[in-house]
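First up is the structure itself, then whatever we jot down about it.
Each residue takes its place number in the sequence, starting with 1.
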Amino acid sequence: QVQLVESGGGLVQAGGSLRLSCTASGRTFYYYAMGWFRQAPGKEREFVAAISSIGGNTYYADSVKGRFTISRNNAKSTLYLDMINLKPEDTAVYYCAAASSAYSGRYYYSQDEYTYWGQGTQVTVSS
């Protein structure tokens with residue numbers, strides 16, 4: 001089992017940048033593939049980015065490709081999401097999630113693959 005806590009959200013102007021962090025505790029962090037998802041007001045939660053437990057394989061939603069970068073520091077048990085050139089449509093609560101992958105190079109973009117979720121951090125982009 002793993003516990004996840006997101007941080008780094010806030011209010012930023014369009015074109016600005018933010019770095020989200022997700023700190024994990026519990027079972028060995030690098031056992032898990034990790035992902036970021038977001039949910040805007042009145043919308044369903046959607047996939048943003050994913051990274052494998054080992055090997056650094058990544059995958060992005062088309063809407064964030066080229067602007068967001070997912071990374072992880074296994075020694076610090078921390079997942080990151082670097083966001084640049086933010087747009088008002090990026091406004092949402094951002095969640096990190098963990099999927100059991102047993103030290104593989106796989107990543108997952110389906111929410112159904114993820115077992116553990118953080119509480120979320122709010123990102124608001126003003127125009």
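- Contact between Ala99 and Glu113 at its shortest, heavy atoms only, is CB-O, 3.3 Å.
- Between the side chain of Thr121 and the main chain of Gly9, a donor-acceptor pair closer than 3.5 Å is present.
- Screening Leu86, Ile84, Leu18 for a side chain to side chain contact (heavy atoms under 4.5 Å, CB included) involving Phe68 leaves a single residue, Leu86.
- Rounding to the nearest 0.5 Å gives a distance of 5.5 Å between CZ of Phe29 and CG of Asn74.
- Here the shortest heavy-atom pairing between Ala49 and Leu81 reads CB-CD1, 4.3 Å.
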Kindly indicate, with the supporting measurements, whether the criterion side-chain contact (heavy atoms from CB on, under 4.5 Å) is fulfilled by Ser63 and Arg38. CA-CA 12 Å; Ser63 59; Arg38 66 186 181 185; 3.5 Å; yes
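- Residue Tyr109 qualifies as open at atom OH: its count of foreign heavy atoms under 6.0 Å is 12 or below.
- Contact detail for Gln122 and Ala92: the closest heavy-atom pair is NE2-O, 3.4 Å.
- Other residues, nucleotides and ligands place no more than 12 heavy atoms under 6.0 Å from the CZ atom of Arg106.
- Atom CG of Leu79 and atom SG of Cys22 lie 5.5 Å apart (nearest 0.5 Å).
- In the hydrophobic clustering of ILVMFWY residues, with side-chain heavy atoms under 4.5 Å counting as a link, Ile70 and Phe47 come out apart.
- Of all heavy-atom pairs between Asp90 and Asn85, the closest is OD2-O, 4.5 Å.
- If you chain together hydrophobic residues whose side chains sit under 4.5 Å apart, Tyr80 and Val2 never meet in one group.
- For the pair Ser127 and Pro88, the tightest heavy-atom approach, listed with the atom from each and the gap, is CB-CG, 3.8 Å.
- In this structure, Ser53 contributes its side chain and Ser104 its backbone to a donor-acceptor pair below 3.5 Å.
- Atom OG of Ser7 and atom CD of Gln119 lie 13.5 Å apart (nearest 0.5 Å).
- Taking CD1 from Ile51 and OH from Tyr107, the interatomic distance works out to 11.5 Å, rounded to the nearest 0.5 Å.
- Around the OH atom of Tyr31, the shell of radius 6.0 Å holds more than 12 heavy atoms that belong to other residues, nucleotides or ligands.
- Put simply, the residue from Phe37, Tyr32, Tyr95, Trp36 that forms a ring-ring contact (aromatic ring centres under 6.0 Å, His included) with Tyr114 is Phe37.
- When the side chains of ILVMFWY residues are joined at heavy-atom separations under 4.5 Å, either directly or via intervening members, Val93 and Leu20 end up in two distinct hydrophobic clusters.
- The six-membered or imidazole ring of Tyr59 lies away from that of Tyr108, with a centre-to-centre distance of 6.0 Å or more.
- Checking Glu6, Gln39, Met83 one by one against Tyr94, the side chain to side chain contact (heavy atoms under 4.5 Å, CB included) holds for a single residue, Met83.
- Here the CZ-OG distance, from Arg72 to Ser52, works out to 7.0 Å after rounding to the nearest 0.5 Å.
- Atoms CD and CD, on Glu44 and Glu46 in that order, are 10.0 Å from each other to the nearest 0.5 Å.
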